[in-house]
Amino acid sequence: MGRSKSWIWAALVVVMLLLVVAEGKNPFEKKEKVCDKGWECKNSKFCCNETITDFFQVYQFENLFSKRNAPVAHAVGFWDYQSFILAAAEYEPLGFGTTGGKHMGMKEVAAFLGHVGSKTSCGYGVATGGPLAYGLCYNHEMSPSQSYCAEDLKYPCVEGAEYYGRGALPVYWNSNYGIIGNGIKVDLLNHPEYLEQNATIAFQAALWRWMTPMNKKQPSAHDVFVGNWKPTKNDTLSKRLPGFGATMNILYGDLVCGQGFVDSMNNVISHYQYYLDLMGVGREQSGDNLDCAEQVAFNPTVAPTQPAATS
């Protein structure tokens, strides 16, 4: 009787294993560890690392953007630390600031904010505090040069809406408002003004852009910065290599890259390195492939009248 029970149990085990294998699961595979860090980071392997509030605190944010509420600024009282952290909490479980340990996390925050600071600065020619202290001076384009409305069947322009540059990484054109709005689940096509009315949404849109590839088989800015991306032979021939330089290629394409050491590129690099210094990492830790001076654009601009990168 005891032997027959043993056979029954053995048969049941075999059946269960067959079912597991049929579903494509390895019963002996170690389950990936996930962690929770309260509201900031939940149910992800990346939450097992230090989170952004562990190494980037409000006084550091104030140091990086020390002149954002100066009399010359155009978005006084808009941008704040809490808005950035609330937005970042959406992406920390996906690896933003939580990939590769504390050091890499600090570098990625500095890299992302370096782009933000350079694109929202009003510090050019301003002496007090230095020109790099004026990031987050703007939250929208002050004098739009055009309507930024292009024919698009999926994301048509909405009557009464305007698609000039807004946000932490300024978004232009109806198609980009539609794509990014879908990404962050906010109706930016109908309400582009949200990017200049809500700082958390503005940071979320910028972080979505940082974390998301714009085309299939292409990396995100996050991927090329933290080392998740391995360049193809064509990438190498196009001088696209992992590092901060490739983040500019992804975000701005040939508006900035492949033109030598132009001011528009150097300004972004300067903000990144300035923030590394203020965060205590040091510009000597900027990493390899810092510029994109000779890089071929991932997505070359087709024509000046067509939507380009969100820069």
### Task
Would you confirm whether N174, through its side chain, and A150, through its main-chain N or O, come within 3.5 Å as a donor-acceptor pair?
yes

### Side-chain donor or acceptor of S121 paired with backbone N/O of S118 under 3.5 Å
no

### Message
Below 30° counts as parallel, above 60° as perpendicular, anything between as tilted: where do the rings of F56 and Y81 land?
### Response
tilted

### Query
Would you say F96 and W39 are hydrophobically clustered, going by side-chain heavy atoms of ILVMFWY under 4.5 Å?
yes

### Message
Would you say L251 ends up clustered with V296 if hydrophobic residues are merged whenever their side chains have heavy atoms under 4.5 Å apart, either directly or through other cluster members?
### Response
no

### Greater than 12 external heavy atoms within 6.0 Å of Q82's CD
no

### Query
E284 versus L276: any side-chain heavy-atom pair under 4.5 Å?
no

### Mutual orientation of the aromatic rings belonging to F112 and F84 [parallel < 30°, tilted 30-60°, perpendicular > 60°]
parallel

#### Entry: side-chain contact (heavy atoms from CB on, under 4.5 Å) between N139 and L195, worked out
CA-CA 8 Å; N139 62 6; L195 291 184; over 6 Å; no

### Query
Is a side-chain N or O of Y138 found less than 3.5 angstrom from the main chain of G167, in a donor-acceptor match?
no

### Task
Mark yes or no for whether R68, through its side chain, and W79, through its backbone, hold a donor-acceptor pair below 3.5 Å.
yes

### Task
Would you check if F203 and L86 make a side-chain contact, meaning some heavy-atom pair closer than 4.5 Å?
no

### Query
Going through the checks in order, is the side-chain contact (heavy atoms from CB on, under 4.5 Å) test met by N289 and R240?
CA-CA 9 Å; N289 309 312; R240 298 190 293 257; over 6 Å; no

## Note on the structure
The reported gap from CG in L188 to NE2 in H191 (rounded to nearest 0.5 angstrom) is 9.5 Å

### Query
Mind checking whether P213 and P219 have side chains closer than 4.5 Å, heavy atoms only?
no

### Query
Within a strict 4.5 Å, meaning less than it, do heavy atoms of the S44 and V34 side chains meet?
no

### Query
Does any non-hydrogen side-chain atom of H103 lie less than 4.5 Å from one of V281?
yes

#### Entry: Between D223 and S220: side-chain donor-acceptor atoms closer than 3.5 Å
yes

### Query
Which atom names give the shortest non-hydrogen contact between I180 and A205, and what distance separates them?
CG2-CB, 3.7 Å

### Task
Over 60° means perpendicular and under 30° means parallel, so classify the ring planes of H115 and Y252, tilted if in between.
tilted

### Any side-chain donor near an acceptor of the partner, Y177 and R166, under 3.5 Å
yes

### Query
Which atoms form the tightest heavy-atom contact between Y91 and Q204, and what is the distance?
OH-O, 3.6 Å

### Query
Say you draw a straight line from CG of D277 to CG of L132; how long is it, rounded to the nearest 0.5 Å?
10.0 Å

### Task
Keeping the roles fixed (side chain from N266, backbone from F261), state whether a donor-acceptor pair exists under 3.5 Å.
yes

### Query
In terms of side-chain heavy atoms, does D80 have a donor or acceptor partner in S83 at a distance below 3.5 Å?
yes

### Query
Measuring from Q259:CD to S264:OG, what's the distance to the nearest 0.5 Å?
6.0 Å

### Task
Look up atom NZ in K185 and atom CD1 in I201, then write down how far apart they are to the nearest 0.5 Å.
14.0 Å

### Task
Report the distance from atom CD of E50 to atom NZ of K102, rounding to the nearest 0.5 Å.
5.5 Å

### Query
Without hydrogens or angle criteria, can the side chains of N49 and T98 be said to hold a donor-acceptor pair below 3.5 Å?
no

### Query
Under a single-linkage definition using a 4.5 Å side-chain heavy-atom cutoff for Ile, Leu, Val, Met, Phe, Trp and Tyr, are M142 and L169 assigned to the same hydrophobic cluster?
no

### Task
Give a yes or no on whether the backbone of G97 and the side-chain of E108 come within a donor-acceptor separation of less than 3.5 Å.
yes

### Closest contact, heavy atoms only, A75 versus N69
O-OD1, 4.2 Å

### Query
Do you know which two heavy atoms are closest between N198 and T200, and how far apart they sit?
OD1-N, 3.0 Å

### Task
Please state whether the sulfur gamma atoms of C47 and C35 sit closer than 2.5 Å to each other.
no

### Same apolar cluster (I L V M F W Y, side chains within < 4.5 Å links), L290/V262
yes

### Query
Between D36 and K42, is there a salt bridge with N-O shorter than 4.0 Å?
no

### Message
Test side-chain contact (heavy atoms from CB on, under 4.5 Å) on Y275 and N63; report intermediate values, then the result.
### Response
CA-CA 9 Å; Y275 294 167; N63 285 343; over 6 Å; no

### Task
State plainly whether one hydrophobic cluster holds both M265 and L241, where clusters connect Ile, Leu, Val, Met, Phe, Trp and Tyr through side-chain heavy atoms under 4.5 angstrom apart.
no

### Query
Between E92 and I52, is there a donor-acceptor pair closer than 3.5 Å when you use the side chain of the first and the backbone of the second?
yes

### Query
With a 4.5 Å limit on heavy-atom distance, are the side chains of F65 and T120 in contact?
no

### Task
Check whether the side chains of T51 and E40 place a donor and an acceptor atom closer than 3.5 Å, and report yes or no.
yes

### Task
May I ask you to check whether T232 and D235 show a side-chain donor-acceptor distance below 3.5 Å?
yes

### Task
Assert yes or no for the condition that the ring centre distance of Y148 to W173 is strictly below 6.0 Å.
yes

### Query
With a 4.5 Å heavy-atom cut-off, do Y274 and H271 have their side chains touching?
no

### Task
Please determine, by modelled atom types, if Y155 and N176 share a side-chain donor-acceptor pair under 3.5 angstrom.
no

### Query
Of the non-hydrogen atoms in T99 and G95, which two are nearest, and what is the gap between them?
OG1-O, 2.7 Å

### Query
If only atom types and distance count, is the side chain of D254 paired as donor or acceptor with the main-chain N or O of A297 below 3.5 Å?
no

### Message
How about CG on D288, more than 12 heavy atoms from neighbouring residues, nucleotides or ligands closer than 6.0 Å, or not?
### Response
no

#### Entry: Main-chain N/O of Q57 paired with Q60 side-chain donor or acceptor, under 3.5 Å
yes

### Message
With a 4.5 Å cut-off on side-chain heavy atoms, are I179 and W208 touching?
### Response
yes

### Intermediate values then yes/no, side-chain contact (heavy atoms from CB on, under 4.5 Å), M214 and R209
CA-CA 8 Å; M214 286 296 96; R209 183 71 181 88; 3.0 Å; yes

### Task
Nearest 0.5 Å please: distance from the SG atom of C137 over to the NE2 atom of H74.
5.0 Å

### Query
Which pair of heavy atoms, one from L189 and one from Y163, lies closest together, and at what distance?
O-OH, 2.7 Å

### Query
Does a side chain donor of either E196 or Y164 reach within less than 3.5 Å of an acceptor in the other side chain?
yes

### Query
Taking the side chain from K119 and the backbone from A168, do they hold a donor-acceptor pair closer than 3.5 Å?
no

### Task
Take atom CD of Q218 as the centre, draw a 6.0 Å sphere, and report whether it contains more than 12 heavy atoms from other residues, nucleotides or ligands.
yes

